[in-house]
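Beneath this line is the structure, given in structure tokens, with notes to follow.
Below, each value reflects all heavy atoms present in this structure, side chains not excepted, and no hydrogens, waters or symmetry copies. This structure is a prediction, so every number in the text was calculated from the model and none was measured. Just follow the structure's listing: the first ligand is 1, and inside any ligand the first atom is 1.
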Amino acid sequence: MTQEIYLTGITTTGTPHIGNYVGAIRPGIAASKDPKKQNYYFLADFHALAKNEDPDKISRSTLEIAAAWMALGLDTDHATFYRQSDIPEITELTWVLTSMTAKGLMNRAHSYKAAVQVNVESGNNDPDKGITMALYSYPVLMAADILMFKSTKVPVGRDQKQHVEMARDIAQRFNHHYGDILVLPEPVIGDDTAVLAGLDGRKMSKSYNNAIPLFAQEKPLRKLIMKIKTNSLEPGEPKDTEGSTIFDMYKAFATPAETAEVEKLYAEGIAWGEMKQKLFEYINDHIKPAREKYERLIADPAVVEAELRKGADRARDVAVPYMAEIRDAIGIRKLG
Ligand code: TRP
């Protein structure tokens with residue numbers, strides 16, 4: 001059997017939060033240390049453009065996300081860790097795939113449809129108002145990310161599943177025209193327990209403004225944890241662990257034995273304030289060593305840059321010859 005190739009991208013918008021850590025970074029780092037798995041992780045900075053971010057924010061987010069993965073111990077000798085924009089073959093492949101992508105397929109993308117829906121609901125007479133071609137073609141760039149490295153497995157959140165299926169459709173159409181060149185990928189959807197709620201109880205997300213930054217300093221970290229929404233049960237009243245954001249967060253960090261302890265405390269009616277203090281102390285102790293490394297990296301971005309260059313060189317060792325093969329297959333050739 002051929003080896004599975006895992007690949008996943010992180011859009012460079014925003015600061016890494018504890019939801020990202022539990023849902024993507026921590027499992028990604030564990031996989032990077034598994035000698036049986038071949039992994040690609042990259043910073044999807046061209047994808048960030050579709051969201052019309054401020055240039056300084058994109059650049060800052062790239063540094064913060066890369067530094068977070070490095071500080072938490074990503075094995076960059078084993079996994080290939082790079083920045084999308086450092087691999088010109090990806091953008092080149094994007095155009096080639098664009099010529100193999102049905103416009104109707106893009107019309108059906110959830111992300112595009114959601115943007116249209118917002119316009120329609122706000123009574124706009126142009127349903128495409130404010131929608132760029134980057135947003136519309138977002139799945140084609142994502143298909144190029146995936147197909148460039150012959151990925152077989154693509155770990156993504158549920159919201160991205162359709163995009164991976166589109167990459168598969170596009171690859172199939174390409175292969176039908178040009179021969180068996182592209183490898184068909186499959187999405188790998190993480191289980192729902194890996195989704196953490198934020199301060200207000202909804203899914204933790206930068207767009208809901210309810211996130212706890214992974215490397216917040218002690219004081220702001222405590223302040224944010226104290227803000228997590230709870231019910232109004234008094235100290236001494238038994239509390240349900242189910243549906244408790246504080247419990248879920250604790251569980252996401254703690255060992256099963258420690259979690260069982262906390263279950264007991266809930267049954268005994270621990271006060272919310274006390275439980276929040278306990279959660280703060282646990283997360284703070286857990287994160288502290290990585291936070292120190294993270295701060296050193298943020299203060300010395302050249303170290304992060306060098307790591308990304310190393311990853312880009314490795315990625316291009318694969319992308320350059322493969323792109324040459326693809327060019328030849330489609331008739332973009334030297335004339336003699
Ligand atoms: N679109 C993904 C997201 O927003 C990020 C991404 C870009 C990605 N390219 C990818 C994920 C390729 C997996 C594979 O989460």
Q. Cut-off 3.5 Å, side chains only: do Tyr112 and Asp128 have a donor facing an acceptor?
A. yes

Q | For atom 6 (C) of ligand 1, the protein heavy atom that lies nearest, with its residue and separation | A | Gly9 O, 3.8 Å

(Q) Tell me whether the rings of Phe149 and Tyr82 are parallel (<30°), tilted (30 to 60°) or perpendicular (>60°). (A) tilted

(Q) Could you identify the single nearest non-hydrogen protein atom to atom 9 (N) of ligand 1 and state the distance to 0.1 Å? (A) Asp145 OD2, 2.7 Å

Q: Mind checking whether Leu141 contacts ligand 1 via backbone (N, CA, C, O), side chain (CB onward), both or neither, at a 4.0 Å heavy-atom cut-off?
A: neither

Q. Of Arg291, Glu295, Lys223, which is the lone residue that meets side chain to side chain donor-acceptor pair (under 3.5 Å) with Gln217?
A. Glu295

Q: Would you tell me which option among Met148, Gln160, His47 has the nearest heavy-atom contact to atom 15 (O) of ligand 1?
A: Gln160

**Q.** Atoms in ligand 1 flagged as close to Val156, the criterion being non-hydrogen separation under 4.0 Å
**A.** 11 (C), 13 (C)

Q. What atoms of ligand 1 come closer than 4.0 angstrom to any heavy atom of Tyr138?
A. 1 (N), 2 (C), 3 (C), 4 (O)

**Q.** Subset of ligand 1 atoms that lie under 4.0 Å from at least one heavy atom of Val154
**A.** 13 (C), 14 (C)

Q) Distance only, no hydrogens: is a donor on one side chain within 3.5 Å (strictly under) of an acceptor on the other, for Thr76 and Glu307? A) yes

Q | Any N or O of Thr8 closer than 3.5 Å to N or O of ligand 1 | A | no

Q. Short list, please: which atoms of ligand 1 are under 4.0 Å from a heavy atom of Ala44?
A. 7 (C)

Q. Does any donor atom in the side chain of Glu258 or Thr255 lie under 3.5 Å from an acceptor atom in the other side chain?
A. yes

Q. For Leu196, does its backbone N or O pair with a side-chain atom of Asp248 as donor and acceptor, under 3.5 Å?
A. no

Q: Could you tell me whether His163 and ligand 1 have an N or O pair separated by under 3.5 Å?
A: no

**Q.** Side-chain donor/acceptor of Asn210 to backbone N/O of Arg202, under 3.5 Å
**A.** yes

